[in-house]
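Both counts, for ligands and for their atoms, begin at 1 and track the order of listing.
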Amino acid sequence: MKIIRTKDYGEMSRKAAGIISAQVIMKPDCVLGLATGSSPEGTYEKLVEWYNQGDLDFGDVTTVNLDEYRGLPKENDQSYYCFMHRHLFDYVNINPDRTFLPDGMNEDPDAECARYEEVIRATGGVDLQLLGLGRNGHIGFNEPGEFFEKGTHCVDLHPSTIEANKRFFASADDVPKQAYSMGIQTIMNAKKILVVVSGEDKAEAVKNCFFGPVTPKVPGSILQMHPDVTVVADEAALSLCSLPE
Ligand code: GLP
């Protein structure tokens, strides 16, 4: 695992966008696994900026997103579908037919999870998966539990996740209680993984995920087992870890 320490969120975003750009330049028809949340917003902003400068071409790129709330229509501005359009898809030359997310409105969880696994399989596999970290160490919406969930599954969101995400909704009651999420195995199948993490409120999660035991109680700790993970973290997020300067 490679850890890149940055001064702040801005530098984290530029470094992460640089790594994604390198992937797109080296393999223009690559498959990017994408994430939502405040952590990757700055990264997407940089990608859009570099696209506008003519330095990036998304014309042959395919994307698969990690997760989507269950029961939120696409049109809801808090859906991850809307998030991706608002932060990236609407501003670059990506083919909308090659951007995939779980369908939060499919009421049949088994059918939706099987469909989404097949979507990912049919892309040929994820070249680079971007991840944020939940405060409790979750990745995608793989919440702390007794075992690692393998494939795409329907998740009951942890009360602390509902609490953390209520800032985007009118109240905690409006936060969906479930989501469809890629599983740990789905995520681990990516050839490369890029984690972006910023801020003191993530310091505990960083310490537990990357310097603690590998356990389903800290879902992100599984990343220690992946052969090609890069973590781009700012000083505040690394404040509980002793790294060489
Ligand atoms: C949500 C998403 C995760 C994300 C996490 C952290 O729960 N499902 O993919 O990593 O939030 O979000 P943020 O980056 O806003 O702290």
Side-chain angles (χ1 to χ4, degrees), residues 6 8-10 12-13 16-17 20 32-46 63-72 76-84 86-88 100-102 104 113 116 120 126 128-145 149 152-169 172 174-184 186-188 190 193-210 218-223 229-234 236-238:
T6 67
D8 53 20
Y9 180 86
M12 175 201 80
S13 303
I20 297 171
L32 298 177
L34 298 180
T36 53
S38 46
S39 307
E41 274 180 26
T43 306
Y44 295 142
E45 205 178 301
K46 280 284 142 197
T63 66
V64 284
N65 261 77
L66 281 169
D67 46 15
E68 178 59 282
Y69 287 116
R70 182 167 181 225
L72 271 198
N76 185 301
D77 66 353
Q78 290 311 321
S79 72
Y80 286 166
Y81 173 93
C82 268
F83 177 101
M84 288 313 304
R86 201 160 57 233
H87 291 284
L88 183 68
F100 301 100
L101 287 98
C113 295
Y116 201 58
I120 298 166
V126 174
L128 177 64
Q129 175 68 56
L130 177 62
L131 292 178
L133 280 189
R135 285 164 191 72
N136 60 6
H138 75 226
I139 49 176
F141 267 133
N142 289 273
E143 297 282 27
E149 290 276 357
T152 299
H153 57 292
C154 180
V155 193
D156 290 328
L157 299 181
H158 196 275
S160 65
T161 301
I162 293 175
E163 186 59 28
N165 289 0
K166 77 172 186 201
R167 64 192 197 276
F168 301 115
F169 292 84
D174 293 308
V175 184
K177 306 291 176 282
Q178 290 187 313
Y180 291 123
S181 177
M182 281 188 193
I184 292 292
T186 329
I187 294 170
M188 291 291 278
I193 294 181
L194 170 63
V195 186
V196 282
V197 56
S198 163
E200 219 179 313
D201 59 339
K202 297 287 177 74
E204 192 75 36
V206 169
K207 183 174 146 211
N208 294 337
C209 286
F210 306 124
V218 183
S221 65
I222 194 75
L223 299 172
V229 175
T230 303
V231 180
V232 187
D234 66 11
L238 288 168

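- With a 4.5 Å cut-off on side-chain heavy atoms, Leu157 and Glu143 count as touching.
- Heavy-atom separations between His158 and ligand 1 are all 4.0 Å or longer.
- Between Lys177 and Ile162, the closest side-chain pair of non-hydrogen atoms falls below 4.5 Å.
- When each atom of ligand 1 is checked for a heavy atom of Gly132 under 4.0 Å away, the hits are 10 (O).
- The single protein non-hydrogen atom nearest to atom 6 (C) of ligand 1 is Leu133 O, 3.6 Å, given as residue, atom name and distance.
- Using a 4.0 Å cut-off to heavy atoms of Gly37, the atoms of ligand 1 that qualify are 14 (O), 15 (O).
- In this structure, Val64 and Leu34 have side chains that are not in contact, with every pair of non-hydrogen atoms separated by 4.5 Å or more.
- A heavy-atom separation below 4.0 Å is not found between Glu41 and ligand 1.
- Using a 4.5 Å heavy-atom threshold, the side chains of Leu66 and Thr36 count as separate.
- A donor-acceptor pair shorter than 3.5 Å cannot be found between the side chains of Thr6 and Asp234.
- Within the 4.0 Å heavy-atom cutoff, Gly140 counts among the residues contacting ligand 1.
- Of all protein heavy atoms, the one closest to atom 4 (C) of ligand 1 is Thr36 O, 3.9 Å.
- Close contacts between ligand 1 and Arg167 involve ligand atoms 15 (O) [criterion: under 4.0 Å to a heavy atom].
- Put simply, the side chain of Met182 reaches to within 4.5 Å of the side chain of Gln129, judged on heavy atoms.
- Atom numbering of ligand 1 starts at 1 in the shown order; those under 4.0 Å from a heavy atom of Asn165 are 1 (C), 7 (O).
- If you check the side chains of Ser38 and Arg167, you find a donor sitting under 3.5 Å from an acceptor.
- Looking at atom 16 (O) of ligand 1, its nearest protein heavy atom turns out to be Lys202 NZ, 2.7 Å.
- Of the protein's non-hydrogen atoms, the one nearest atom 2 (C) of ligand 1 is Tyr80 OH, 3.7 Å.
- With hydrogens and angles left out, the side-chain atoms of Glu149 and Asn142 include no donor and acceptor closer than 3.5 Å.
- Those atoms of ligand 1 with a heavy atom of Phe141 less than 4.0 angstrom away are 1 (C), 7 (O), 8 (N).
- Here the heavy atom of the protein found nearest to atom 14 (O) of ligand 1 is Ser39 OG, 2.5 Å.
- Considering backbone and side-chain N/O of His138, one or more are found under 3.5 Å from N/O of ligand 1.
- Counting heavy atoms under 4.0 Å from ligand 1, residue Ala35 does not touch it at all.
- Residues Tyr69 and Tyr80 bring their aromatic ring centres within 6.0 Å.
- Using a 3.5 Å distance cut-off with no hydrogens or angles, the side chains of Ser13 and Glu45 do not pair a donor with an acceptor.
- Proximity of Asp67 to ligand 1, defined as any heavy-atom pair under 4.0 Å, is confined to the side chain (atoms from C-beta onward).
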